[in-house]
Amino acid sequence: MSKYPFNKTNLYIALQYLTTRKKQTILAIIGVLLGVATFIVMINFMTGVNNFLDDAVFKGNPDIVIKPISHQKTNKLPFSIGPTTIENLEEISNELEANENVRAFANQTISPAILTSNYQQLPGSVNGIFPLEEMHMVDLNKRLIAGTGFSELSQNNIIIGISLAKRLGVSVKDTVTIILPNGKSTSLFVSGIFSFGITTIDNVRTYMSAKTLQNLLGLSKNITHINVKLKDRNNLDLKSLLLQQSKEIEIEDWKENNKTIVIGNKVRDILTWSVSLALLLVAGFGIYNIQNSAVFEKRKDIAVLKTIGYSSSDIIFIFLVQALIIGVLGAFLALGLGYLISFIISITPLDTSDFIIVKTYPVNFNKAHFILGFSFGVLTTVLSGYFPSRKASKVDPVTIIRGV
Amino acid sequence: MILEAKHINKNFSTPKIHRVLDDISLTINQGELISLYGESGSGKSTLLYILSTLDSAFEGSLKIHGQETTELSPKNLADFRNEHIGFIYQFHYLLPEFSVLQNIALPAQKLGVKNKKEINADAAQLLEELDIASLAAYPTYKLSGGQQQRVAIGRALINNPTFIIADEPTGNLDEKNSDLIFNILKDITERRKNTVLMATHNRKFYENSHRAIEMINGKLRL
C-alpha cells in the first residue's frame with residue numbers, strides 16, 4: 001500500500017490530467033511564464049537604472065564634503081581675494097583618521113576660474129587634487145573618456161569636463177589658459193577629458209594638481225575642501241560629530257545634494273516591486289481559476305477516486321502537483337524569456353548626448369533576480385493551487401454520486 | 001461471514017428529524033449475490049453507502065473481514081476500501097482521461113502490491129473475462145453504456161475485494177445489456193466466489209439472486 005501521497009500512481013494521475021487538458025495547461029503555463037518573465041525584466045531594468053545612477057552620482061563623488069563656512073554666514077569680510085580655507089585642518093584630519101566609518105578621504109583646493117581657449121572665455125572651477133589621495137577615494141579614471149589618467153596630473157596639465165571642453169572648442173593636447181580670482185593666470189595643456197554624466201559638473205569642473213593651484217593662489221598648503229568616502233553611506237553620524245567640534249566648517253552630504261535621485265530611486269523601487277508582485281498575483285489568480293474550474297469539472301472523478309481508495313491527501317497531492325508542474329515549467333521558461341528580453345533591452349541604444357557613460361539602457365543581470373523570480377513564480381502557483389486542491393480533497397463522494 | 005452489521009441507525013436532520021435506517025442488522029457470507037429491493041426512499045442507497053464505509057455518520061457496528069470499520073481513521077478507511085470493497089454505480093463513472101485498461105488498473109495501482117506489468121496483465125485478464133479485450137486501449141467515452149458498465153465491473157474486481165457494492169448497476173441500461181450485466185455479477189459470485197450486494201428495482205434480478213431482502217421505511221424485511 002502506498003502510504004505517502006507522493007508516489008508514482010498519484011503522479012501518473014496528475015500527469016494524465018495535465019496532458020489531457022493540454023489547452024488549459026498551456027494557458028496556465030503561459031500565465032506563469034509572462035508573470036515571472038516580466039518580473040525578472042522589470043527588476044533587472046529598474047535595478048540597472050538605480051545602479052547606473054548610483055554609479056554616476058554616488059560612487060564617483062564623495063559621500064560628504066567638508067568646507068569652510070561661507071562668509072555670508074559669519075559676517076566676516078574676506079581677508080584675501082580667493083577661496084577661504086579650512087582653518088583647523090589637522091584636527092579634522094585626525095578625527096577622520098580615527099573614525100571607523102571613514103573609508104578614505106582626500107583634500108582638495110577648489111577655486112573659481114575663468115578658462116580661455118582660442119575661441120571662447122568661460123567661467124568654471126578648478127579642483128586642485130592630490131592625485132594619489134583622490135584616486136584612493138574614487139576611481140576618477142573611470143570617468144575619463146579621452147586622454148591620459150588623473151595620476152599623471154603635474155605642473156602643466158589640466159583635465160576638463162566634456163561639456164566645458166566642447167564649449168571651449170578644445171580637445172586633448174590643446175592649450176587653455178586659466179585666470180584665477182587673484183588675477184594670476186597660467187597656460188596648461190589639456191591632458192584628458194572626463195564625463196560624470198551630470199551636466200552641472202561636466203559644464204564647469206576641471207582638475208589640476210593641487211600643488212600647482214596652491215602656488216598660483218598663494219595659499220601654500222591650505223585646503224578648501226575635504227572629500228570623505230564612507231564605509232556605510234547611510235550612516236551620517238560623522239557629520240554631526242565634526243560639526244560639534246568645529247564651528248568654522250559646514251558639511252554637505254550625498255543625501256542632501258541628491259534628494260531628487262534618492263527619492264527617484266525609492267519611487268522606482270516601490271513601483272518595481274508593486275508592479276512585479278501584482279503581475280505574480282495575476283498569474284496566481286490565473287492558476288487559481290483554472291484549478292478551481294478543473295476541480296469543479298472533475299468532482300465526479302474525484303468522488304470515484306475516493307470510493308476506490310484514494311484518500312484526501314492523495315487528492316490534494318494529485319491537484320497540487322499539477323499546479324507545481326505548471327509553476328515550475330512556467331517559471332523555468334520565464335528564466336529564458338526574462339533573460340532574452342533583458343538582453344534585448346541591454347543592447348538597445350540609448351541616446352544620451354553628453355551622458356557618455358551609457359550607450360545602451362542599463363540592465364542589471366543579477367543571478368539573484370532570476371532565482372527570486374523563479375521561486376516567487378513557483379511559490380505563487382503552489383499557493384494558488386493549494387486552495388482548489390484542498391477543495392477537491394473535501395469532495396464528499398456520497399453527495400456527488402447520489403446527486404445525479 | 002465477511003460482513004456483519006449490528007443495530008445500524010441513521011437519522012437525517014433536514015428538513016426535520018427523520019429516521020432513514022432503523023436498527024438494521026445484517027450478515028453477508030462469501031460468494032453470495034444479495035439483492036436489496038424496495039421503494040425509492042426506503043433507505044437502500046443510504047444503507048449501501050454505510051456498508052461500503054463511504055458514509056460514516058451512523059450509529060451501530062460494522063465489521064468487514066473481521067475489522068470494526070467504525071474504529072478506522074478516514075485515511076485508513078480509504079486504504080481499507082481500496083483493498084476490500086469494489087464499487088459499481090448506476091452510471092459507469094469511468095475517468096475520461098484514462099483508457100479502458102488504465103481505468104481498471106487504477107485501484108490496483110493505489111493498492112501498490114503488484115508492479116505495473118502484473119497489474120496490466122491482471123486487467124487484460126479481466127477484460128478477457130468480461131469479453132471486452134479488444135477495447136483495452138480505447139478512451140472510455142467511445143464505449144457503449146453496456147461496455148462502460150463492464151469496464152466498471154472490471155475496475156471493481158481488480159483488487160479481488162471482500163465484497164462489491166452495486167447501486168442500481170443496470171438502472172441506466174436497456175434490457176439486453178441489463179441481463180448481460182446481471183449475469184456477469186451472478187457469474188463472478190459463483191465462479192470466482194466474489195460477493196455482491198446489489199440494490200435493484202428489477203424484479204427478475206432480485207428473484208434470481210441468491211438472497212433478496214426487501215427494505216421498507218428504513219427497516220429490513222428478512
> With respect to B:Ser61, which candidate in B:Lys6, B:Glu4, B:Glu68 satisfies the side chain to side chain donor-acceptor pair (under 3.5 Å) definition?
Replying inline: B:Glu68
> Is atom CZ of A:Phe296 surrounded by more than 12 heavy atoms (other residues, nucleotides or ligands) closer than 6.0 Å?
Replying inline: no
> Should B:Asp22 and B:Asn217 count as side-chain neighbours, where that means a heavy-atom distance under 4.5 Å?
Replying inline: no
> For the atom pair CD (B:Gln102) and CD1 (B:Ile119), what is the distance rounded to the nearest 0.5 Å?
Replying inline: 12.0 Å
> Tell me, side chain or backbone of B:Pro74 under 4.5 Å from chain A's heavy atoms, or both, or neither?
Replying inline: neither
> So what's closer than 4.5 Å to chain B heavy atoms on A:Lys298: side chain, backbone, both or neither?
Replying inline: side chain
>> Tell me whether A:Ile347 at atom CD1 has more than 12 heavy atoms from other residues, nucleotides or ligands lying less than 6.0 Å away.
In response: yes
>> If you count heavy-atom pairs within less than 4.5 Å of chain A, which of B:His84, B:Lys116, B:Arg81 leads?
In response: B:Arg81
>> Need one label for A:Thr19: side chain, backbone, both or neither, based on atoms under 4.5 Å from any heavy atom in chain B.
In response: neither
>> Check the orientation of A:Tyr17 and B:Phe98. Use parallel for under 30°, tilted for 30 to 60°, and perpendicular for over 60°.
In response: perpendicular
> What parts of residues 149-170 of chain B touch chain A if we use heavy atoms and a cut-off under 4.5 Å?
Replying inline: B:Arg155
>> As an exercise: rank A:Asp396, A:Leu305, A:Asn10, A:Ile308 by heavy-atom pairs under 4.5 Å with chain B and give me the winner.
In response: A:Ile308
>> Would you call the rings of A:Trp273 and A:Phe376 parallel, tilted or perpendicular, taking 30° and 60° as the class edges?
In response: perpendicular
> Got a sec: does the OH of A:Tyr12 have more than 12 other heavy atoms crowding it under 6.0 Å?
Replying inline: yes
>> Please determine whether a side-chain nitrogen of the Lys or Arg among B:Asp23 and B:Lys219 lies less than 4.0 Å from a carboxylate oxygen of the Asp or Glu.
In response: no
>> Counting only non-hydrogen atoms closer than 4.5 Å, does A:Thr307 touch chain B with its backbone (N, CA, C, O), its side chain (CB onward), both, or neither?
In response: both
> Which bit of A:Ile13 is near chain B, if near means a heavy-atom gap under 4.5 Å: side chain, backbone, both or neither?
Replying inline: both
>> For B:Glu128, is the CD atom crowded, meaning more than 12 foreign heavy atoms sit under 6.0 Å from it?
In response: no
> What part of B:Thr53 gets closer than 4.5 Å to chain A, counting heavy atoms only: side chain, backbone, both or neither?
Replying inline: neither
